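Inspection log for the structure reproduced underneath, given as structure tokens.
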Amino acid sequence: KIIQPGGDFFRQPAEGSDPQITVWVNGFLCLCAGGADCSFSYDSSLTPTILGVTDTLVDGSIELTITGTGFTTDASDFTIDVGGRNCEATVATSSSVTCTLENGPAGDFDITLWVQSRGQASGSVTFTLSLTVDSFSPSSGSVGGGTTLTILGTGFPNTMDEWESNEVAVGGSSCTITETSYTEVKCVTPKESTSRRRKRALADLTVTVNGQTVSASGQYNYDASSTPTITTLDPITATPMGGDTLTITGTTFGYESPFNTVTIGEDGAVCLIIDWMPTEITCTMPALANGQHTVYVQTKDNGMADASGVSPLLVDFTITGASPLVGSHQGGTKIKIAGTGFGDCSNVVFNVGSEHTCVVDEGGCTSTEVSCTVTKTATMHRIQNTGRHFKFGPGYVWEPATLIVRPGDEVRWSWNLPVPQEGTGIAVHSTSSASTNEYDGMGFNSQTKSSKGNLLYQFMTEGTFTYNTQDVIEGEEVFMPGKVVVAAPSEDEIVAIEAFIGDITAETIVGGSVSGPTADGCSFADSSCATSAPGTASSLEFTFANCLTAEITDIQISSGAANGNVSSLMSFADSELTISGTGFSTELCENIVKVGETLCAVSSATADTIVCAVDAAEITSLGALPVTVNVQNNGDAVQKVADDSAGKLYVVPKIDAIAPTTGSWAGGSILTLTGSGLNPGDGIVTINFGELPYQTACAIIEVTSSKVSCTVPEAQKVGDEKTVVIDIYFGGEMIRAEMADGV
């Protein structure tokens, strides 16, 4: 804090002819106290100069002798830089200094010298580090290349990175560097070119470093007599997934050695050795991309085998076209994809962008064409308790607090409290609004509090869905709210159609026309509102079009409604649904309605309303079954109903009759329940005779949607007759069925 500026606060450097030495501390100029002289003068008589440089090779290192004037005799007084490399001074006189140069590649380098007690030397001297090749070995090797050469000399790059713009060449082709130092380089010879092979076997060896190129005094000899040779390959084609056995026949392969290798293609995919003999090698082929792939056999003693006499392996895996190229954002469009190398499709994955796959239809695959249905992928999103609470710290706030997903995506809440203790835990559930902590009774609910756990839920309809927790820390009123926003794309999306086998992607070579799928016993809805993307010769594109994405805005139960609060859409199995929305077809058969996986038979249809009857003989009960509409062949509709449960039908089991009502004390008779919705989603039905704790089970024989039968158990005889209670439960959660009047 400055009370009154003045004095040293206003101090400035003194003006004068001699430069002044100034010292600043936190922006303030220091005082030259006590009459001290803070001036500095330059004296040319004290300035060192450099005049020349010579070099010599000593024990594999370059020693430079730099001559000049004004030097000191203390070697530690020198700092010498040669083109960015350090040169460590070892001996010094008043007119010369000797230093050992840091190893590095050849080139022209400016010398900068400092005598620390006097300053930087004047003068300009450039040192040229010459590139030399003294010898190389061996002097001969396989015409297929693969022989490791050791080259001795000076001026080589000291690291592999420094070879990036430099080269060792044999016969004009690059020799692959494997090891390097200033005086020694190792490289693997290339194969001899076919043109030169017919003329002569000798090839020049040259080294190029930083613009300097030198040739070895002798030539390298490609020796056909010692060259391994590949004469046949079996098979001559390969599959993208690999795994087949390749048999390589030839000569001079030698015997098995850990230094022997077989690789396929320029990327060096390894063919795992099964057996290695002098004239035959077997190996397991790796996964390979579409195209031709040369087989490389590297032997321990004789280098690389000559493969010029055999054709490369051929892998055929392409996509050439598809039809149609437009459909709904939600998937559900049937398309045909043409190409090659699909096999039986068991290992092929067809992707339509990152959000959809194309699932191959049953019986819809040949090696060159597949019929498949574009299917929305349930992308997994995570919400974790990694946020920081203002009072209790990390672990008590969801991240992200707001999550945006697409219809059909899954959300997994994961939590792990930092300090588990009694009364502390997380149980997440849906709420009716952001202003309440209470479970809404119809959405998702993890139920019991736990310090560590997770909950998975799939959102099927558009909308904003709020959620919260029970009191996380008992008595502290700590709640963890959040929301999930489910939104379909608002614009058309153009994506690529691709095929994969493992990590191998099919090459796209667009050409020729592809006939689209046909409608079985019906027709396809009009799709002329959508325009397919033009694509390119190497890109096959599919357009997810808004105008082809129908919408479901409301679902009502026209008949067969059931009471309950589990879902906002509850009915018996023989119900009729009225579906409202947009983009439906007016042709009945062009609208495919399903409740879960069960068809709902369409009885009437307009562009905005569909009426259908649930198939009571097939529908399962006690589960939230999504109601879906597919407009052939535009695709699936997106749900935009009031809440997530309003788009899922919950079927309530109903018992119409139980027979017989009497039987033998010894049991054994068949009890039959008839009704609707009697087959729960998990297939569990429990029927007990009598009251606790003396209940006995009726052994289940058959469960269908309309009938359940079981074998009546034996009862202990008490008098002439006895009436017992029958307890009937459906599903693992032990839900009682609705009973018809009079049952």
Side-chain angles (χ1 to χ4, degrees), residues 328-332 353-356 375-389 396-415 426-446 453-470 472 479-495 544-555 567-569 579-583 624 626-629 635-648:
S328 165
H329 282 290
Q330 292 301 106
S354 60
E355 297 281 341
H356 298 77
T375 304
K376 174 73 175 67
T377 303
T379 303
M380 172 75 73
H381 304 268
R382 290 188 178 275
I383 299 175
Q384 297 175 297
N385 66 319
T386 52
R388 188 177 188 87
H389 189 273
Y396 300 96
V397 173
W398 294 117
E399 285 187 329
T402 299
L403 177 68
I404 300 176
V405 304
R406 290 188 173 191
D409 283 355
E410 294 177 333
V411 176
R412 183 183 294 279
W413 287 264
S414 299
W415 59 90
I426 293 175
V428 63
H429 53 249
S430 56
T431 61
S432 58
S433 69
S435 61
T436 179
N437 303 325
E438 301 299 323
Y439 174 47
D440 62 10
M442 292 184 290
F444 51 87
N445 188 357
S446 65
N454 66 86
L455 173 68
L456 179 66
Y457 189 77
Q458 185 175 25
F459 290 88
M460 300 302 295
T461 188
E462 281 195 333
T464 298
F465 302 93
T466 58
Y467 63 89
N468 214 312
T469 62
Q470 298 178 30
V472 179
F479 299 95
M480 299 171 62
K483 65 180 177 180
V484 176
V485 179
V486 185
S490 58
E491 303 289 340
D492 290 358
E493 290 184 317
I494 299 174
V495 300
F544 290 109
N546 276 2
C547 71
L548 297 182
T549 307
E551 297 180 357
I552 300 173
T553 56
D554 185 58
I555 303 171
S567 170
S568 59
L569 201 63
I579 304 169
S580 302
T582 61
V627 178
T628 60
V629 175
D636 293 335
V638 61
Q639 282 195 3
K640 294 188 176 183
V641 294
D643 60 74
D644 207 49
S645 68
K648 301 172 182 176

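What you see is a predicted model, and the numbers here were worked out from it, not measured in a lab.
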Inset, instruction - Kindly indicate whether the side chain of Thr379, heavy atoms from C-beta on, has any atom under 4.5 Å from the side chain of Val405. - result: no

Inset, instruction - Tell me yes or no: between the side chains of Ser433 and Thr466, is some donor less than 3.5 Å from an acceptor? - result: no

Inset, instruction - Hey, could you give me the CG/CZ distance between Leu455 and Arg412, rounded to the nearest 0.5 Å? - result: 8.5 Å

Legend entry - Closest approach of His356 to Gln330 (non-hydrogen atoms, all atoms of both residues): NE2-C, 4.1 Å

Legend entry - Residue pair Asp636, Thr628: steps toward the side chain to side chain contact (heavy atoms under 4.5 Å, CB included) verdict: CA-CA 7 Å; Asp636 293 335; Thr628 60; 5.7 Å; no

Legend entry - Exercise: identify the closest heavy-atom pair between Leu548 and Ser328: O-CB, 3.7 Å

Inset, instruction - Measure the shortest side-chain to side-chain distance between Arg406 and Lys376 over non-hydrogen atoms and say whether it is less than 4.5 angstrom. - result: yes

Inset, instruction - Calculate, to the nearest 0.5 Å, the distance between atoms NZ and OH belonging to Lys483 and Tyr467 respectively. - result: 10.5 Å

Legend entry - NE2 on His381 to CD on Glu410, rounded to 0.5 Å: 9.5 Å

Inset, instruction - Specify the closest pair of heavy atoms between Val627 and Gln639, including all atoms of both residues, with the distance to one decimal. - result: O-NE2, 2.8 Å

Legend entry - Asn546 (side chain) donor-acceptor with Ser490 (main chain) under 3.5 angstrom: yes

Inset, instruction - Specify whether Phe444 and Tyr457 have parallel, tilted or perpendicular ring planes, treating 30° as the upper limit for parallel and 60° as the lower limit for perpendicular. - result: tilted

Inset, instruction - Mind checking the CD-CZ spacing from Gln470 to Phe479? Nearest 0.5 Å is all I need. - result: 9.0 Å

Inset, instruction - Flag the pair Val428 / Met480 as yes when at least one side-chain heavy-atom distance between them is below 4.5 Å, and no otherwise. - result: no

Legend entry - Asn385 side-chain N/O to Tyr396 backbone N/O, donor-acceptor pair under 3.5 Å: no

Inset, instruction - Look at atom CG of Leu456 and say whether more than 12 heavy atoms of other residues, nucleotides or ligands are closer to it than 6.0 Å. - result: yes

Legend entry - Verdict with supporting geometry, Trp398 and Ile426, side chain to side chain contact (heavy atoms under 4.5 Å, CB included): CA-CA 11 Å; Trp398 294 117; Ile426 293 175; 3.9 Å; yes

Legend entry - Nearest non-hydrogen partners of Ser568 and Asp643, listed with the distance: OG-OD1, 3.7 Å

Legend entry - Short side-chain to backbone donor-acceptor contact, His329 and Glu491, under 3.5 Å: yes

Legend entry - Considering all heavy atoms, the nearest Ser567-Met442 contact: C-SD, 3.5 Å

Inset, instruction - Output the distance between atom CZ (Phe459) and atom CG (Leu403), rounded to the nearest 0.5 Å. - result: 8.5 Å

Inset, instruction - Output the distance between atom CG (Asn454) and atom CD1 (Ile383), rounded to the nearest 0.5 Å. - result: 12.5 Å

Inset, instruction - Report the C-alpha separation of Asp644 and Met460 in whole Å, then their side-chain angles, then the decisive distance to 0.1 Å, and conclude whether the side chain to side chain contact (heavy atoms under 4.5 Å, CB included) test is met. - result: CA-CA 7 Å; Asp644 207 49; Met460 300 302 295; 4.2 Å; yes

Inset, instruction - Any chance you could lay out the side chain to side chain contact (heavy atoms under 4.5 Å, CB included) test for Ile552 and Val641, step after step, and finish with the verdict? - result: CA-CA 7 Å; Ile552 300 173; Val641 294; 4.1 Å; yes

Legend entry - Backbone N/O of Glu399 and side chain of Gln384: donor-acceptor pair under 3.5 Å: no

Legend entry - Taking every non-hydrogen atom, the tightest pair across Glu355 and Asp409: OE1-OD1, 4.3 Å

